[in-house]
Amino acid sequence: MTTRQPARIKDRRTPGDLLAGLGALVVLAALVAGVPYALLRLAGPPLPPELLDLDLLTSQVGTSTIVAILVLLVWLAWLQMVVCVLVEIYAGLRRVGMPARVPFSGGTQMFANRLVSAAMLLFTVSAVALPVAKLTSLPPATSGIVATGLATASGPAAAERAELEPARKARKVYVVQPPHGRHHESLWEIAEKCLGDGRRYPEVYRLNQHKEQPDGSRLRMADLIRPGWVLDMPDDARNVHIVPAGESRDDILEDHRGKPSELDGRTQTFTPGGADLPEEQVRDVPVPRDARDVRAPSETGPDRADRQEQGRADRQEPGATRQEPGATADTERPARRDADTAGPARSGQDDERQAERSPGQDRSQSQSQDRDQDQNRDPLQDQAPGQDPAQGQDQEQGRDQGLGMLDYLAGASLAAAGLLAALGRRRRQQLWHRAFGRRIVRPRDDAAEAELALRLGADAPGSRMLDIGLRLLGRSLAAQHRTPPTIYAAHLSPQTLDLWVHPPDSDAPAPWSAHDGGQVWRLPAHEGRMLDEQALADAPAPYPGLVSLGSNGEGRVLVDLEAAHGPIRMHGPQTTAALAALAVELATNRWSDRMRVTLVGFGEELTVIAPDRIRYAGGLAEVLPELEAEAAGTGARGGEVLTGRVQGRAADPAWTPHYLLSAIPPTAEEGRRLALLARKGVRTATGYVVAGDVPHATWNWAITEEGRAEVDALGFDVAAQLLPRRQYRALIDLFMAADRIEGEPLPDEPEPIPAEPSVEVRILGPAEVVGPPPMEEGRAVLAVELVVYLATHPGGVHPVVLGGILWPRGVQQVVRDATIARVVTWLGTDGQGRPNLYADESGRLRLGPEVCTDWTVFRDLVRRSHADPAGRPALLERALDLVRGPLLNGRPRGRYAWLAADDLEYDVTAGVADAAHRLCEVRLARGEIDEAVAAVRAGLLLAADDEGLWRDLLRATHLTGDPVRLRAVADALHRRAASHPYGGGMAPETDALIDELLPSWRMRSAPTA
């Protein structure tokens, strides 16, 4: 028996609605206008002369003063009512959903809400009628069936249905409809259509998460739904199918393939500058005036239909990639999606600020909700015996295509910060060996995507607070001659750093504070930001074994491997990916000094990331003798590990930690020997995490197939931090590229320079767009980045690809289109009336011929200097005059991440350094020493890490014959190298040059005893 479809009740106003609306209008007018009129006539102004008398506080209070105070209170109450009315009217007109709450106005705002709601019935186009009968005693689903029956039937049949249907259990479902042209349904649109508010899409997602659909797949990502899926809907949904509760999804799909009756109007979409527009409209890119109020389905990659079938296609064609029509593999990439931004569209002034989540905000909660089992299964364990490793890797890449670098590398925010610091040290070493006319090798393909993800996700402030906060804690406890407590776990959020300590202690050293009876020591983020890093430079790291377990949705959860006091058993289908993530963070974190990490049975290539910390062993038998010797030495040495650490120095730690991570299960004998390594509950400077069955394990660490990490002894259940094969290989390739010192030739591709540019884009320093009028600050940052990208990619880019570049985590189509249209208007037209930003015949966005960058002008001047030896100094000097500071200096955190996968950063640094070096040589050859020094300093404004320029500066300053100036340069270079955020000191060649030019410098700079 099929269930009758609900009939739509016609919208109408009743006489009662009209009377209520008129009455509400009269009351509102009386309150807003009548009350102040009456107060002014009867009681006077809000501040009568009695309250303005300065002697009021010292003189005797009379009746007139009390009356004046009461009148003021009445005025304040009226003002509160007016504010509530205005808030309610704004919410009703703009349809923003829940109105803003006015402080201290609970009952008043509720009264204003009722008045405004009743009054607005007079002005709405159609009033929504309530059900025929109030059936509040019945369950919501049953009430819907009875109301439908009463509204659509009559006579004996209606009576029979009204008698039978309340006894049946039913549910509401929605069948995802096939695409209509380029339009595909999204959870946001379904929520807006059926629940009245697209922001309720998470309710639909949670109701259907991981439930099997008729095609055998499951809902894993909020922005990936397929036609033919049957979605369970909340009880208050409308425009849905009402079906028996026990009916299967296959039967529902068979009976209800079409739309529910009387659906609301479909949301209109808007696509500027694309192939859907007529050819004559391609250049104009128009946007409707109310574009910010339009909600369109999520679309930031290629066609939504292709994205919805992406998981299936990836399995059919492992490793296959797509391109937009006309896009090239070298310059454009399909835009990426991220589950945590799918669904909700942003509007108004929040579009640029909120369309994309903060790079520093933790994303692991969405990882745990959205991961596909096939995508997460450890590729090292999936590979069948005898299978070709390359084939297995291709299959893994196919599985990982839906969850790319952002889902893992950007989510591991602390590990990303450490990896970027290690990568920065390698890049400095590459610059030491850079030859003239060459740039350092940049990463390609997945390696470039990996660096982009690291830049987006790195939580450098959080990593700093964890490091400096722990060092300060250790130093404070050492100064008080206290034994540091055991910290078995930590929680790092944007607001606080919490340490779970044992035993509980309510006496936490400032600025730490004790909470929960001394079980938690807390450092607020604002206190952590004010800590003096230089003052704690020599403070040792007391808890180097803290490593990220994962995320609980509010921040990072870390556990201390040493606090286990014995072996930790890790088990589950993704142990190797979890162990790889542990190894990477341990080897690169900044809250440790010296350490050793031994990897058994996996991770041999990880030694390229931190060769001074990581080593590889083929089996436990190779490392157990060394671990047993260390344990014996520790026992003979005696002492308490934490006390010894906090009383030592960072340069010479008292207890160097050693951590063992093994992907090979131990034999019975190896397991027994591992258990004996622990000193029976006494803390040691070691930690052992071993996959498989480990006898006498102190903790059990489970990695579930859904990507959850569970530690039974600690009661943790969080989204695990994982490093699957594709991301693992990308990191290895990234660091291998950073180890290449031979460099790459600089490109020589001159670009046309307009005679009189109407817009100048400056990137050789702070990003600026000169020519257009000022834009409001909240939108200028994104608009300038859009213009900078287009100006440095003159070949043009499709709007869909541009959306993926500017919003790597995903963005709503309407936000992307509104931003592009806003920039079109902002840039205006050139001298001939042509738009400075337009879309060509293929739909690619381009800048007009009268838009140029200072980098283009710089390259043109350098090119002309090669052909004009006589005018070379003047041309090179003009080029260097364009340099105002580091490339795109002061760019906001999280923006311009696309530089990681682009040539621009590498070309600009090398080009400016070469121009400064060449001008310095020309000036020195002419005996113009001061001009040579000025040329080098101009180049150092942008290429400060290029030590070739520093050596030029040392030589030029030496020729001035002023030892004081030379010493000042040597001291500045030494201070810069010592305090560089990436460390690494100076290049050996630079060090030797200082000794040659200023032999006495090292003796005077040496610290006194």
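Just so it is clear, the values below take in all heavy atoms, side chains as well, and ignore hydrogens, waters and symmetry mates.
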*Could you pull out the closest heavy-atom pair between Phe602 and Ala663, with the gap in Å?*
CD2-CB, 3.7 Å

_Side chain proximity check, Arg464 to Glu533, heavy atoms < 4.5 angstrom_ = yes

*Sequence-distant partners of Arg878, salt bridge (Lys or Arg N to Asp or Glu O under 4.0 Å), two or more places apart*: none

*Would you check, one step at a time, whether the test salt bridge (Lys or Arg N to Asp or Glu O under 4.0 Å) holds for Arg864 with Asp860?*
CA-CA 6 Å; Arg864 288 163 54 191; Asp860 182 68; 3.6 Å; yes

*For His958, all residues meeting side-chain contact (heavy atoms from CB on, under 4.5 Å), sequence neighbours excluded*: Leu966, Leu997

*asked:* Under 3.5 Å, is there a donor on one side chain and an acceptor on the other for Gln721 and Tyr408?
replied: no

*To the nearest 0.5 Å, what is the distance between CZ (Arg965) and CG (Leu953)?*
9.0 Å

*Can you see which heavy atom on Ala416 is nearest to which on Gly457, and at what distance?*
CB-C, 4.3 Å

*Please report the closest heavy-atom contact between Glu451 and Leu734, naming both atoms and the distance.*
OE1-CD1, 3.6 Å

*Check the pair Thr990, Leu993 against side-chain contact (heavy atoms from CB on, under 4.5 Å), reporting the backbone distance first and the verdict last.*
CA-CA 5 Å; Thr990 308; Leu993 181 62; 5.6 Å; no

*To the nearest 0.5 Å, how far apart are NE2 in His917 and CZ in Phe436?*
6.0 Å

*asked:* Are Leu661 and Thr598 packed together at the side-chain level, in the sense that at least one heavy-atom pair is separated by less than 4.5 angstrom?
replied: no

*Verdict with reasoning, Asp946 to Arg951, per salt bridge (Lys or Arg N to Asp or Glu O under 4.0 Å)*: CA-CA 9 Å; Asp946 195 308; Arg951 291 192 289 271; over 6 Å; no

*If you count the non-hydrogen atoms of other residues, nucleotides and ligands that lie under 6.0 Å from CZ in Arg884, is the total more than 12?*
yes

*Close side-chain approach of His798 and Leu845, heavy atoms under 4.5 Å*: no

*Taking atom CG of Leu419 and atom CZ of Phe735, what is their separation to the nearest 0.5 Å?*
5.0 Å

*Check the angle between the aromatic planes of Trp898 and Tyr896 and answer parallel, tilted or perpendicular using the 30° and 60° thresholds.*
tilted

*asked:* Looking at Arg590 and Asp467, is there a salt bridge between them, counting it only when a charged N and a carboxylate O are closer than 4.0 Å?
replied: yes

*Are any of the side-chain nitrogens in Asp445 or Arg729 under 4.0 Å away from the carboxylate oxygens of its partner?*
no

*With Arg444, which residues qualify under salt bridge (Lys or Arg N to Asp or Glu O under 4.0 Å), at least two apart?*
Glu744, Asp903

*Taking only residues two or more places apart in sequence or in another chain, which ones pass side chain to side chain donor-acceptor pair (under 3.5 Å) with Asp907?*
Arg439

*salt_bridge(Arg891, Glu768) N-O dist < 4.0 Å*: no

*asked:* Do Leu973 and Leu954 make a side-chain contact, defined as non-hydrogen atoms from C-beta onward lying under 4.5 Å apart?
replied: yes

_Arg859 with Asp854: basic N within carboxylate O range, under 4.0 Å_ = no

*Go through the steps to decide whether Leu731 and Leu454 satisfy the test side-chain contact (heavy atoms from CB on, under 4.5 Å), and finish with yes or no.*
CA-CA 10 Å; Leu731 282 183; Leu454 294 177; 4.1 Å; yes

*Answer whether the closest heavy-atom distance between the side chains of Met595 and Tyr659 falls below 4.5 Å.*
yes

_Check: Gln727 side chain, Leu723 main-chain N or O, donor-acceptor pair, under 3.5 Å_ = no

*Listed by chain and number, what are the side chain to side chain donor-acceptor pair (under 3.5 Å) partners of Glu604, not counting sequence neighbours?*
none

*asked:* Could you report the tightest heavy-atom contact between Phe858 and Leu882, atom names first, then the distance?
replied: N-CD1, 3.8 Å

*Leu414 CG to Ser463 OG distance, which is reported to the nearest 0.5 Å*: 6.0 Å

_Closest non-hydrogen atom pair between Asp593 and Arg613, with its separation_ = O-NH2, 2.6 Å

*With Glu947 via salt bridge (Lys or Arg N to Asp or Glu O under 4.0 Å) - residues at least two apart*: Arg428

*For Thr856 and Thr853, test the side chains for any donor-to-acceptor distance below 3.5 angstrom and give the result as yes or no.*
yes

_Side chains of Met986 and Ile994, heavy atoms from C-beta outward: is any pair under 4.5 Å?_
yes

*Measure the shortest side-chain to side-chain distance between Cys920 and Leu924 over non-hydrogen atoms and say whether it is less than 4.5 angstrom.*
yes

*Check the pair Arg615 / Val623 against side-chain contact (heavy atoms from CB on, under 4.5 Å), numbers first and verdict last.*
CA-CA 11 Å; Arg615 69 167 183 166; Val623 297; 3.9 Å; yes

*Using side chain to side chain contact (heavy atoms under 4.5 Å, CB included) as the criterion, point out the one residue from Ile805, Val761, Val784 that pairs with Tyr789.*
Ile805

*asked:* Between Arg923 and Glu921, does any side-chain N to carboxylate O distance fall below 4.0 Å?
replied: no

*Compare all side-chain heavy atoms of Leu790 with those of Arg846 and state whether any distance is below 4.5 angstrom.*
no

*Please assess His793 against Asp902 for the test side-chain hydrogen bond (donor to acceptor under 3.5 Å, both in side chains), listing each intermediate value before the final yes or no.*
CA-CA 10 Å; His793 296 78; Asp902 199 275; 2.5 Å; yes

*Distance in Å, Arg893 CZ paired with Asp459 CG, rounded so as to fall on 0.5 Å steps*: 5.5 Å

_Distance, nearest 0.5 Å, that separates CG of Leu431 from CH2 of Trp950_ = 13.5 Å

*Verdict with supporting geometry, Leu887 and Thr909, side-chain contact (heavy atoms from CB on, under 4.5 Å)*: CA-CA 8 Å; Leu887 176 69; Thr909 303; 5.6 Å; no

*Which heavy-atom pair separates Leu599 from Ala583 by the least distance, and what is that distance?*
CD2-CB, 3.7 Å

_If the test is side chain to side chain donor-acceptor pair (under 3.5 Å), which one of Gln430, Arg976, Arg427 qualifies with Asp945?_
Arg976

*Test salt bridge (Lys or Arg N to Asp or Glu O under 4.0 Å) on Arg455 and Glu905 and set out the steps.*
CA-CA 14 Å; Arg455 293 191 185 191; Glu905 198 169 34; 3.0 Å; yes

*Let me see the working for Thr656 and Arg594 under side-chain hydrogen bond (donor to acceptor under 3.5 Å, both in side chains), right down to the final yes or no.*
CA-CA 6 Å; Thr656 302; Arg594 288 187 300 182; 4.6 Å; no

